[in-house]
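Count residues from 1 along the sequence.
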Amino acid sequence: MLPVIGDGQNMIDLTYVDNVADALVLALNSPDRSLGMKYNISNGEPVKLYDTLEFIFGKLDFKYKKKTLSFKKAFNVARAMEFTSRAFLFGKEPLLTRYSVCVLGLTRTLNIEAARRDLGYNPQVSMNDAISRIIENQKCLS
C-alpha cells in the first residue's frame, strides 16, 4: 500500500535516464561560460504523481491500494514514528518519515530553462515514451 498524502494532485518532475545522459554530454561540450554553473535537468513535463503511479501499476498488473491521509495527519504520524524509532528501535528507519511525507504530498517541479538556454538541452524522450520503455523492460525481466 502506498498512502496518498493530501489531495493526490501534487505534481512532480521525472527524468528519463537517456535525457540525463544527453544533458551530461551537452554540459561536457558546453561553452566556457557554463563552467561551474548548476542546471536543473528533468523531462520538463511535470506529471501528477499519483496518476502516474496508478498508470504504471496498472500496466504492470500490480494491485494498487489507496489509503488517503491528510498532509497534516501524515506529517504528525511520521514525526511520532521517527521519535519512536530514535527512542526505542535504535534508529531503525520508520515506514513513514517527514521527508517521505513531503516527497509524496507536495508539488516539486524544476525549471529547466537555463539548461535549455545555456546547454541547448531539450529532452529527447518524452515521459510517455520513457514510461512505456520502462514497463516493457520490466515485463522482459519478469
Side-chain angles (χ1 to χ4, degrees), residues 1-30 33-142:
M1 179 196 62
L2 182 67
V4 176
I5 308 291
D7 65 6
Q9 299 301 305
N10 52 307
M11 305 290 284
I12 61 167
D13 264 325
L14 300 173
T15 313
Y16 188 59
V17 66
D18 288 4
N19 292 334
V20 173
D22 287 344
L24 290 171
V25 170
L26 288 168
L28 181 66
N29 297 315
S30 67
R33 71 178 185 280
S34 64
L35 290 175
M37 301 298 291
K38 297 174 186 153
Y39 296 98
N40 292 323
I41 300 298
S42 79
N43 262 54
E45 48 184 319
V47 296
K48 289 184 180 177
L49 171 62
Y50 293 102
D51 289 352
T52 303
L53 289 175
E54 192 166 353
F55 174 77
I56 292 169
F57 290 161
K59 290 290 186 182
L60 293 172
D61 296 323
F62 289 167
K63 299 293 181 208
Y64 177 54
K65 287 183 170 180
K66 285 185 181 179
K67 175 152 178 84
T68 303
L69 294 169
S70 74
F71 185 88
K72 183 177 180 179
K73 184 175 188 175
F75 197 83
N76 288 331
V77 167
R79 179 181 290 145
M81 291 176 85
E82 287 176 357
F83 173 79
T84 301
S85 172
R86 281 190 309 275
F88 305 109
L89 301 174
F90 307 104
K92 180 181 175 196
E93 185 171 340
L95 291 176
L96 191 64
T97 65
R98 289 175 288 174
Y99 175 78
S100 61
V101 168
C102 291
V103 166
L104 294 172
L106 299 175
T107 290
R108 295 166 326 282
T109 59
L110 301 170
N111 182 331
I112 64 170
E113 289 310 310
R116 288 183 191 272
R117 179 191 67 235
D118 296 353
L119 304 178
Y121 174 69
N122 187 33
Q124 299 300 303
V125 181
S126 71
M127 271 325 304
N128 285 339
D129 288 344
I131 290 170
S132 294
R133 290 180 187 186
I134 292 166
I135 290 169
E136 284 306 310
N137 287 336
Q138 180 61 35
K139 287 181 178 179
C140 289
L141 295 174
S142 299

For a quick test of reading the model, state the closest non-hydrogen atom pair linking [X] to [Y] and the distance between them.
X	Y	answer
E93	T97	OE2-CG2, 3.9 Å
Y121	S42	OH-O, 2.8 Å
I112	G44	CD1-CA, 3.6 Å
A74	L96	O-CD2, 3.8 Å

Which of parallel (below 30°), tilted (30 to 60°) and perpendicular (above 60°) describes F83 and F88?
-> perpendicular
Which value, rounded to the nearest 0.5 Å, describes the distance between [X] atom [atom1] and [Y] atom [atom2]?
X	Y	atom1	atom2	result
L60	I135	CG	CD1	5.0 Å
L110	L14	CG	CG	10.0 Å
S30	L35	OG	CG	6.0 Å
E82	R79	CD	CZ	8.5 Å
K48	F55	NZ	CZ	15.5 Å
S132	N137	OG	CG	11.0 Å

Can you check side chain to side chain contact (heavy atoms under 4.5 Å, CB included) on C102 and F71, steps first, answer last?
-> CA-CA 8 Å; C102 291; F71 185 88; 4.0 Å; yes
Kindly write out the residues that satisfy side-chain hydrogen bond (donor to acceptor under 3.5 Å, both in side chains) with E45, not counting sequence neighbours, or none if the list is empty.
-> none
Residues forming a side-chain hydrogen bond (donor to acceptor under 3.5 Å, both in side chains) with R117, sequence neighbours excluded = none
May I ask you to test the [X]-[Y] pair for a side-chain heavy-atom distance under 4.5 Å?
X	Y	value
L106	N10	no
V103	R108	yes
M11	L49	no
Y50	I5	yes
N43	D13	no
I56	I131	yes
Q124	N19	yes
Y16	D129	no

Answer yes or no: is there a donor N or O on one side and an acceptor on the other, between the side chain of S70 and the main chain of G6, under 3.5 Å?
-> no
Verdict with reasoning, E136 to R133, per salt bridge (charged side-chain N to carboxylate O under 4.0 Å, His left out) = CA-CA 5 Å; E136 284 306 310; R133 290 180 187 186; over 6 Å; no
Return yes if a side-chain donor-acceptor contact under 3.5 Å exists between N40 and N111, otherwise no.
-> no
Pair Y39-D118, side-chain donor/acceptor within less than 3.5 Å | yes
